[in-house]
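One structure is given below, encoded as structure tokens.
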Amino acid sequence: MLVALLIVVMLAALIGMMVCNKQKNNPVAQPIAFGLLLLVVVCGGVLMWKLGVFGSSGALDRLRANETKFFASQGFVVGQDLKGKFEGKTVILVEPTTKADDPRIVALIEQYKAGLGNNSAEVVVVPITVDMPESEPGSEPPLTEVMKAKDYDAFFAAQPDAKVVITLVGFPRDLQKMKFWTTAADKRPLLFLLGSIEGRGLAAAVKSDAIAGIVTIGSNARFTEEPAPSDPLEAFKVRYVLINKANVEENKGLLGE
């Protein structure tokens with residue numbers, strides 16, 4: 001709330017300054033404009049302090065930690081949904097540049113194990129391998145523009161013992177060509193999709209159990225600075241919804257269908 005209030009005050013002060021600058025014949029206009037300028041400077045300073053621009057890690061660290069709690073809550077709910085349904089290795093598929101020690105990934109795994117009720121569960125993080133075109137730093141194309149069905153095929157082939165795959169990278173544009181869909185159900189892992197939900201036919205894939213579940217932003221999601229609930233299930237409910245075979249029909253709209 002404070003950040004939003006500061007932005008509103010700064011915008012109002014800037015508008016006031018422009019109005020005062022147009023009233024050159026008004027003797028009080030310039031003093032008021034100067035006062036508004038001071039207000040903008042003060043509000044800007046407070047805003048930058050709040051966002052941690054001055055190296056104050058407190059506010060920025062709290063924001064990151066709070067967002068991590070929300071993100072990790074997805075792992076807890078997926079773990080709960082899978083509890084007792086499988087035995088073996090879980091693989092989390094991430095972007096090529098994501099590291100296994102990324103705090104968000106570490107927290108996601110911790111909550112996933114908590115949801116499973118098994119702190120010793122085997123979970124590994126695997127970056128997807130794609131052929132990225134040459135580009136200037138910062139101008140790389142989105143992963144979904146580059147990723148192909150063959151990249152997913154190669155990933156699954158390299159993880160034959162995976163019992164669950166939780167993908168954070170979405171699906172390739174040519175997802176219908178993935179060999180996963182034609183693999184026998186008892187020969188392929190349970191598949192969960194977190195985050196991106198681009199792709200045709202996802203609802204049908206959930207209905208047929210080809211996709212075990214999809215976690216996406218809920219229709220009543222709230223994104224505020226309020227602290228995430230300590231209960232991961234309650235934190236999950238603030239932003240996300242788990243779409244599975246039981247509720248896919250009522251949530252088809254969230255899948256773009």
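More than 12 non-hydrogen atoms from other residues, nucleotides or ligands lie less than 6.0 angstrom from CG of Asp161. Heavy-atom contacts from other residues, nucleotides or ligands closer than 6.0 Å to CD of Glu226 number 12 or fewer.
Nearest heavy-atom pair, Arg188 versus Ala210, reported as atom, atom and distance to 0.1 Å: NH2-CA, 3.4 Å. The two residues Ser219 and Leu254 make their nearest non-hydrogen contact at N-CD2, 4.1 Å. Across every non-hydrogen atom of Lys150 and Asp131, the tightest pair is NZ-OD2, 3.6 Å. Of all heavy-atom pairs between Ser73 and Pro232, the closest is CB-O, 3.3 Å.
Taken to the nearest 0.5 Å, the CD1 atom of Ile128 stands 5.0 Å off from the CG atom of Leu93. For the atom pair CD1 of Ile214 and CG of Leu194, the computed distance is 10.0 Å after rounding to the nearest 0.5 Å. Distance CE/Met178 to NZ/Lys148: 14.0 Å, rounded to 0.5 Å. In this structure, CG in Asp151 is found 8.5 Å from CG in Leu143, a value given to the nearest 0.5 Å. Here the CD atom belonging to Glu250 is positioned 12.0 Å from the NZ atom belonging to Lys252, to the nearest 0.5 angstrom. Rounding to the nearest 0.5 angstrom, the gap separating the CD1 atom in Ile211 from the CG atom in Leu193 is 6.5 Å.
Sorted by first then second residue, the salt bridge (charged side-chain N to carboxylate O under 4.0 Å, His left out) pairs that include residues 201-217, not counting sequence neighbours, are Lys207-Glu249, Asp209-Lys245.
In this structure, Glu234 pairs ionically with Lys237, as a charged nitrogen and a carboxylate oxygen lie closer than 4.0 Å.
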Original post:
Are Glu67 and Arg239 close enough, and set up right, to give a salt bridge (charged side-chain N to carboxylate O under 4.0 Å, His left out), and what steps lead you there?
Top reply: CA-CA 11 Å; Glu67 289 301 311; Arg239 294 190 177 178; 2.7 Å; yes
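The aromatic ring centroids of Phe70 and Tyr240 lie 6.0 Å or more from each other.
Counting only distance, with no hydrogens or angles, the side chain of Asn244 and the backbone of Gly213 share no donor-acceptor pair below 3.5 Å. The backbone N or O of Asn247 lies less than 3.5 Å from a partner atom in the side chain of Asn251, making a donor-acceptor pair.
In this pair, Phe156 and Phe180 present their aromatic rings parallel. The plane angle is below 30°, not in the 30 to 60° band.
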Let me have the donor-acceptor pairs involving side chains of residues 98-116, under 3.5 Å, with sequence neighbours excluded, atom names and distances please.
unit_1, atom_1, unit_2, atom_2, d
Asp102, OD1, Arg104, N, 2.8
Tyr112, OH, Thr90, OG1, 2.8

